[in-house]
Amino acid sequence: MRQIFTVANKEFHDGLRNRWFISITLIFALLSVGLTYFGAAASGTTGVTSLSTTVASLSSLAVFLIPLIALLVSYDSFVGEQEGGTLLLLLTYPLSKSQLLLGKFLGQGSIIALATFLGFGTSAVLLYINLGSSELVATFAVFITSAVLLGLSFTAIAYILSLLVSEKSKAAGLALIVWFLFALAFDLVMLALLVGIEEGLSQQGLTQLMMLNPSDIFRLVNLAGLDSTDVNGVLAVAINASMGQGVLFGLLLLWVVLPLSVAIAIFRKKKL
């Protein structure tokens with residue numbers, strides 16, 4: 001464990017010194033505050049609205065932004081080290097491949113978690129000042145925790161991509177393709193199935209298919225308890241799913257563990 005935490009500490013402090021951390025935090029803060037204040041602009045009003053409307057808006061933002069940032073931060077974690085010749089050097093130390101990967105994951109995951117907490121936490125502060133709702137702390141705790149898990153799942157997926165290719169450019173291209181498939185194409189396919197099949201998909205069938213996408217699980221975790229008028233598209237059909245929030249959190253955690261396990265297996269067999 002000492003080796004894992006040593007690598008994690010190095011990755012974390014490297015991340016703090018990197019402009020990525022400041023940029024990510026500022027992007028999250030500016031966009032979340034903007035959505036919190038102008039989220040109801042379409043209805044002709046500005047200013048802080050309901051907690052339900054704000055969480056729905058922030059979830060729609062996070063589901064596109066967090067996977068993209070996690071992929072862009074992590075896609076070169078191994079292929080970049082390999083191209084630079086430092087990966088072999090790292091493995092000359094008393095450090096196994098699994099320990100190196102887990103250390104990188106903890107360090108980079110901590111950076112994403114901290115940026116998410118600071119960025120979206122600004123919305124929680126703004127809402128608390130204006131609404132003072134007793135539900136706010138619990139709601140944002142669920143939102144930020146699930147957002148961190150979403151980021152970690154795509155970090156683990158980025159590791160798989162980084163270990164499968166031999167060039168950073170290929171890893172970057174695959175990362176963008178993965179983001180497009182999970183963030184955009186998947187829901188379009190679900191919508192096509194929903195309206196294209198003659199008898200349509202049942203709510204249960206649609207919900208089960210959505211479990212194949214961590215982004216949709218994230219949205220279900222945060223939107224299941226909201227007013228249905230704040231939700232549209234495919235989620236409006238699946239929002240009353242019988243699965244509880246605890247089960248959805250478990251599935252989101254599974255989307256972290258499984259890709260991470262696959263990445264470890266690939267790294268162990270990879271010849272450097």
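When reading the values below, keep in mind they use all heavy atoms of this one structure, side chains included, and skip hydrogens, waters and symmetry mates.
At a cut-off of 3.5 Å, with distance as the only test, a side-chain donor of Asn222 or Ser146 sits close to an acceptor on the other residue.
Val142 and Ile112 fall into different hydrophobic clusters, where Ile, Leu, Val, Met, Phe, Trp and Tyr are joined by side-chain heavy atoms under 4.5 Å apart, directly or via other members. Cluster membership for Ile160 and Phe154, using ILVMFWY side-chain heavy atoms within less than 4.5 angstrom, is shared. No single ILVMFWY cluster, assembled from side-chain heavy atoms under 4.5 Å apart, contains both Leu30 and Ile24. Grouping the Ile, Leu, Val, Met, Phe, Trp and Tyr side chains by contacts below 4.5 angstrom, directly or via other members, places Tyr75 apart from Ile66.
Under the side chain to side chain contact (heavy atoms under 4.5 Å, CB included) test applied with Met211, the options Leu254, Leu248, Asp216, Leu252 reduce to a single match, Leu248.
Contact of the Leu102 side chain with the Phe5 side chain is not registered, since no non-hydrogen atoms from C-beta on lie closer than 4.5 Å. The shortest distance between side-chain heavy atoms of Thr145 and Phe249 falls below 4.5 Å. Residues Leu174 and Leu164 are not in side-chain contact: their nearest non-hydrogen atoms beyond the backbone lie 4.5 Å or more apart.
From Leu106, atom CG reaches atom OG1 of Thr155 across 11.0 Å, with rounding to the nearest 0.5 Å. Rounding to the nearest 0.5 Å places CD of Gln3 at 10.0 Å from CE of Met1.
Ring geometry for Phe182 versus Trp255: interplanar angle over 60°, hence perpendicular rather than tilted (30 to 60°).
The minimum heavy-atom distance between Ala263 and Leu163, with the atom names listed, is O-CD1, 3.3 Å.
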For the pair Leu31 and Leu58, evaluate side chain to side chain contact (heavy atoms under 4.5 Å, CB included) and give the outcome as yes or no after the intermediate values. CA-CA 9 Å; Leu31 291 178; Leu58 291 178; over 6 Å; no

Could you go step by step and tell me if Phe143 and Thr139 meet the side chain to side chain contact (heavy atoms under 4.5 Å, CB included) rule? CA-CA 6 Å; Phe143 175 79; Thr139 300; 5.6 Å; no

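Electrostatic pairing of Glu81 and Lys168 does not count as a salt bridge here, judged by no charged N lying under 4.0 Å from a carboxylate O.
Aromatic rings from Phe78 and Tyr159 are positioned such that their centres are separated by under 6.0 Å.
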